[in-house]
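When a ligand or atom number is given, it counts from 1 through the structure's own listing order. Keep in mind the model is a prediction, meaning the values are calculated, not measured. Hydrogens, waters and symmetry mates play no part in the numbers below; they use all other heavy atoms, side chains included.
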Amino acid sequence: MTARIQRISTRDDFVIEQDWSSYTPDEHAVWDLLYARQTALLPGRADAAMIDGLKALDLGRGGIPDFRIVNEELNKLTGWTVVAVPGLVPDDVFFDHLANRRFPAGQFIRTRDQLNYLEEPDIFHDVFGHVPLLTNPVFADYMQAYGQGGQRAMKFGRLKNLGALYWYTVEFGLIETPKGLRIYGAGISSSADESHFALEDLSPNRIRFDLERVMRTSYRIDDFQQTYFVIKSYDELFRATVDTDFAPLYDRLGSGPQYTPEDIASGDAVITTGTQAYARSRAGG
Ligand code: PHE
Ligand code: FE
């Protein structure tokens, strides 16, 4: 196994050329494999906004998407663009990109022995997982507002709390639809195993989204989630976050309860209907 060549940026926004022509046939094949596997799983599991976005951007035309082509369509739809970065970027750089409707996506793709898990977000996680929802106008605005909110959270020293909001919505959010619970978080939709687990496993809590509750909750980055927070709509998420001044909230968060991913709080609305009931009936319970 050879380590991937880490590209570096000479720019202070960490942006690099995607250099699409440098991907090898095998790297394109890894994208195709992951794409086929996830798109087979998503009907009936992923929210319509995700599936519509995948179609609108035509991310399955074959091989790793060329950002120049993706951006033509994405920019027309919501004014967002995808830019390539070497990997994780510093918080302030990340927030600045989002605040300017640029989504920084890892330029590299995982190797075949990392199909199910890797530590750093690669182009499959970032582009397949995150970018489709950026075609949804409300979600697109939420992401921009989050970037602006990040710059503010840094001043308050509350990045951990704001990070929990990102984690439990953008990365691991579920949404309640008339047809049942659906995935919209990129950490779920880009993972075969967690696409099953988040909806069908009986062990995790599925709790109605509440802004302050979420921001008081720690999160684990190295295992499936033990709690998923469920929104009713992107509009609910937008209203709860964008229409709220976080300054008094940040003041409050310095004291009061903190929750682990396993905890259920007394005020939680725990959701046990929909897919979970279906899973239980299939498990014979
Ligand atoms: N309304 C938040 C604030 O006052 C900003 C924000 C918007 C944060 C959307 C997250 C998501 O800081
Ligand atoms: Fe992500």
Side-chain angles (χ1 to χ4, degrees), residues 34 38 46 50 53 80 82-89 91-110 117-134 136-173 183-191 194-195 198 209-217 219-222 224-225 229 231 233-253:
L34 290 166
Q38 286 315 108
M50 160 99 202
W80 274 78
V82 184
V83 294
V85 290
L88 290 173
V89 300
D91 294 323
D92 60 323
V93 174
F94 182 65
F95 294 142
D96 188 64
H97 280 306
L98 296 187
N100 289 286
R101 290 173 103 85
R102 291 186 302 264
F103 191 81
Q107 186 269 351
F108 71 100
I109 191 153
R110 68 194 72 182
Y117 184 78
L118 78 168
E119 270 157 31
E120 234 189 323
D122 71 338
I123 195 167
F124 185 75
H125 167 81
D126 280 334
V127 174
F128 184 91
H130 287 288
V131 174
L133 275 181
L134 294 174
N136 178 281
V138 180
F139 196 84
D141 286 352
Y142 169 68
M143 288 290 277
Q144 178 182 18
Y146 181 88
Q148 293 160 344
Q151 295 164 337
R152 199 161 177 229
M154 290 181 81
K155 294 197 196 99
F156 281 86
R158 289 272 158 224
L159 270 191
K160 216 183 85 205
N161 305 278
L162 191 78
L165 174 64
Y166 191 88
W167 191 259
Y168 286 116
T169 61
V170 179
E171 293 292 354
F172 291 97
I183 298 160
Y184 74 92
I188 312 177
S189 64
S190 62
S191 157
E194 198 146 358
S195 290
F209 175 85
D210 175 272
L211 178 64
E212 186 163 340
R213 166 66 165 91
V214 169
M215 290 177 84
R216 288 183 180 279
T217 308
Y219 57 89
R220 297 184 49 174
I221 61 166
D222 59 351
F224 294 149
Q225 304 305 304
F229 288 97
I231 60 172
S233 64
Y234 303 117
D235 232 50
E236 179 202 23
L237 179 61
F238 186 85
R239 296 267 155 260
T241 53
V242 180
D243 289 354
T244 303
D245 178 5
F246 281 20
L249 181 54
Y250 288 142
D251 287 340
R252 277 207 300 284
L253 289 173

Check Glu171 and report its N/O/S atom nearest to the Fe ion (ligand 2), by atom name. OE2
Going by atom type alone, with no hydrogens or angles, which donor-acceptor pairs under 3.5 Å involve a side-chain atom of residues 147-155 and a protein atom two or more places apart or on another chain?
residue : atom : partner : partner atom : Å
Arg152  : NH1  : Asp245  : OD1          : 2.9
Arg152  : NH2  : Asp245  : OD1          : 2.9

Which word best sums up how the rings of Tyr234 and Tyr184 line up, parallel for under 30°, tilted for 30 to 60°, or perpendicular for over 60°? perpendicular
For the residue pair Trp80 and Phe103, does the interplanar ring angle fall in the parallel (under 30°), tilted (30 to 60°) or perpendicular (over 60°) class? tilted
Any side-chain heavy-atom pair of Trp167 and Val214 under 4.5 Å: no
Are any non-hydrogen side-chain atoms of Val82 and His97 less than 4.5 angstrom apart? no
With Phe229 as reference, evaluate Phe172, Tyr168, Phe209, Tyr219 under the ring pair (Phe, Tyr, Trp, His ring centres under 6.0 Å) test and give the passing residue. Tyr168
Specify the protein heavy atom at minimum distance from [atom]: its residue, its atom name, and the distance to 0.1 Å.
{"atom": "atom 1 (N) of ligand 1", "result": "Thr244 O, 2.6 Å"}
{"atom": "atom 8 (C) of ligand 1", "result": "Phe246 CE2, 3.4 Å"}
{"atom": "atom 5 (C) of ligand 1", "result": "Gly149 CA, 3.7 Å"}
{"atom": "atom 7 (C) of ligand 1", "result": "Ala145 O, 3.6 Å"}

For Leu165, take its heavy atoms, then give the atoms of ligand 1 lying under 4.0 Å from any of them. 10 (C)
Within ligand 1, which atoms have a heavy atom of Asp245 less than 4.0 Å away? 4 (O)
Taking distance alone, with N or O pairs closer than 3.5 Å, would you say [X] contacts ligand 1?
{"X": "Ala247", "value": "no"}
{"X": "Tyr146", "value": "no"}
{"X": "Arg152", "value": "yes"}
{"X": "Tyr142", "value": "no"}

Pro104 and Val85 have their tightest heavy-atom pair at CB-CG1, 3.8 Å
Which residues share a salt bridge (Lys or Arg N to Asp or Glu O under 4.0 Å) with Asp96, sequence neighbours left out: Arg102
